[in-house]
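The basis for the numbers below is simple: all heavy atoms, side chains too, and nothing from hydrogens, waters or symmetry mates. Residue numbers start at 1 and run along the sequence shown.
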Amino acid sequence: EKKPEFRDADDTTEMGVLPGFASGAKRQHRIERWRAHSTVRGTFRIALAAGDGAKHHRNCRDFLSARHVLMIIQSVTLVFAVLLSMLSLFISIQLHREQVVKKQDPDKSDTLGVEFAAMAALGLFIAFSMALGIAAAATLHLGHLGMFLWLVLCIVPALILFALVMTDLNFVFKSYLRHHWESSSLQILRSEVCDDSPNARCKAPIVPPGGYSSIDTWCEGEFGQTDCASLRREGLEEGWDLVRSTSAFVAAVAWTEAAMLVWCIRLVCIIVTPAAVLDSAMRFYISVLIPLAVAATFVGLQLRDHPAVKIESRVRTIGDIFITSGVVMVVGVITGRCASYVRSASGMMLFLLQVVAVLVFNVLVAAFALTSFFTLRKRLKTRFDRDDLHELACDLDLHGCSGCGDEPERCPEWRVSEILKFAQAYIKFGGFLAIVSMPPWVIALYVGASHFNNYRNYQSAYI
């Protein structure tokens, strides 16, 4: 009995053409089509290796499908970037409502609003990079694809750092709500969680104004009611639930976008081929490490003079290590670029040693930050009293401290737990920066080792 045959739609054996020849004809047709859409010389050679590159990608059958997957991911990432940018910009404007809208109180700017403004700018930069990547993938412009790769490698560490902050340091938002509840920057939030009639009582101050012993007596004197404290407490709870949901959504968007960017890196390496990426890495990739050096130096200067040094001396040590690491990073970038230009194996070995030193510095910072995070609480409980914490709150320039100009300095608006968490936040941020900085330098170590092996056996002859 003759069994039915199942053939591909493109099978040409019925026309008397051998299957192998048909496969070659189809590949030649694809190559010609790629050449027609390419604007870069050398794409024909890259397209010939498409089958080899596709073998390493489990989700794509050939080079063309990998390119399509890349364009889809870039389009989705573009949408996420615009969403993240608009949401961060909205939050930043609301946090700076008094400065941006009403131009009031210009000396009191909130760091939290600046951070969201920076995230909005990062989102726009991601959107621009995705637009460039989509255009490069559509036309197979290898030069623009390479530029897109380096831009993405520069973006990923910053995006992961923001996602870590949004995931782990959300207690900052809770303290911000508590100490800015009556300000106009949270007017939209209060309108969502407070009823219209008791809205004025809902935004009662955190401490009773002068002449009143409690919030209830102030409320009775101002409004003839005694429910201001309860309305404020209920409004804060509902507002915190809303802010926590929003911050969780923003963190989820950031993590998703970071994962898609990493996938884009993988697909671009398949399309351009790993050999071409490694060949240009020492000319372009090490320049991506410059922002990490600037960030490490800036954070080191901040931690070196941080008020928490009075409690935990390791904070100053973390700052010194960060500054040293930033200097070594800059020197390493210059060394790697020069070594790749002259193709020097000894210069590349020096670059590898500097990369190893940077990784050791980052491990030390992460370890010191972890230990300082836990020892800071213990030291505050055993060696410092309430007056020392008041002084620390004034040194941290916490919002709303009413007695920082007195002697002794007082800050009754802030709880001990809040002061401790804000002091720990800077240390934890430094640890996050050290952890995020390690993967790019691990990649630099791999790239440098590959070039060292090539340069070690490199020979030239003059005829």
Problem set entry | Evaluation steps, side-chain contact (heavy atoms from CB on, under 4.5 Å), between K428 and V165 | CA-CA 9 Å; K428 185 178 287 188; V165 170; over 6 Å; no

Side-chain contact, heavy-atom cut-off 4.5 Å: [X] with [Y]?
| X | Y | answer |
| --- | --- | --- |
| R67 | L267 | no |
| L236 | K174 | no |
| M130 | I126 | yes |
| P205 | W218 | yes |
| V156 | V152 | yes |
| F148 | V272 | no |
| V447 | H451 | yes |
| W255 | L164 | yes |

Looking only at non-hydrogen atoms, find the nearest pair between [X] and [Y] and report the distance.
| X | Y | answer |
| --- | --- | --- |
| I435 | P439 | O-CD, 3.2 Å |
| F162 | A254 | CD2-CB, 4.1 Å |
| V193 | E238 | O-OE1, 3.3 Å |
| A252 | T256 | O-OG1, 2.8 Å |
| N362 | S325 | OD1-OG, 4.0 Å |
| I215 | A229 | CG2-N, 4.0 Å |

Do any N or O atoms from the side chain of [X] and from the backbone of [Y] form a donor-acceptor pair under 3.5 angstrom?
| X | Y | answer |
| --- | --- | --- |
| R304 | G319 | no |
| W181 | C202 | yes |
| T246 | L242 | yes |
| W150 | G146 | yes |
| R232 | R178 | yes |
| T371 | F368 | yes |

Problem set entry | side-chain contact (heavy atoms from CB on, under 4.5 Å) evaluation trace for F432 with I160 | CA-CA 9 Å; F432 284 162; I160 293 178; over 6 Å; no

How long is the straight-line distance from [atom2] of [Y] back to [atom1] of [X], given to the nearest 0.5 Å?
| X | Y | atom1 | atom2 | answer |
| --- | --- | --- | --- | --- |
| L84 | L122 | CG | CG | 7.5 Å |
| I271 | T273 | CD1 | OG1 | 11.0 Å |
| L301 | F322 | CG | CZ | 11.5 Å |
| R337 | T335 | CZ | OG1 | 12.5 Å |
| C269 | L149 | SG | CG | 5.5 Å |
| L292 | L433 | CG | CG | 7.5 Å |

Exercise. C411-C394 sulfur separation below 2.5 Å?
Worked result: no

Problem set entry | Sub-2.5 Å SG contact, C228 and C219 | yes

Exercise. Heavy-atom count around F223 CZ within 6.0 Å, excluding the residue itself: above 12?
Worked result: yes

For this session: If the plane angle is over 60° it's perpendicular, under 30° parallel, otherwise tilted; pick one for W414 and H179.
Result: parallel

For this session: Evaluate the side-chain contact (heavy atoms from CB on, under 4.5 Å) criterion for residues L70 and Q74: first the C-alpha distance (whole Å), next the side-chain angles of each, then the deciding distance (0.1 Å), finally the verdict.
Result: CA-CA 6 Å; L70 175 62; Q74 288 170 334; 3.7 Å; yes

Problem set entry | The single option from V82, L261, I72 passing side chain to side chain contact (heavy atoms under 4.5 Å, CB included) against T77 | L261

For this session: Quick one: do L303 and V365 satisfy side-chain contact (heavy atoms from CB on, under 4.5 Å)? Show the steps, please.
Result: CA-CA 11 Å; L303 291 175; V365 168; over 6 Å; no

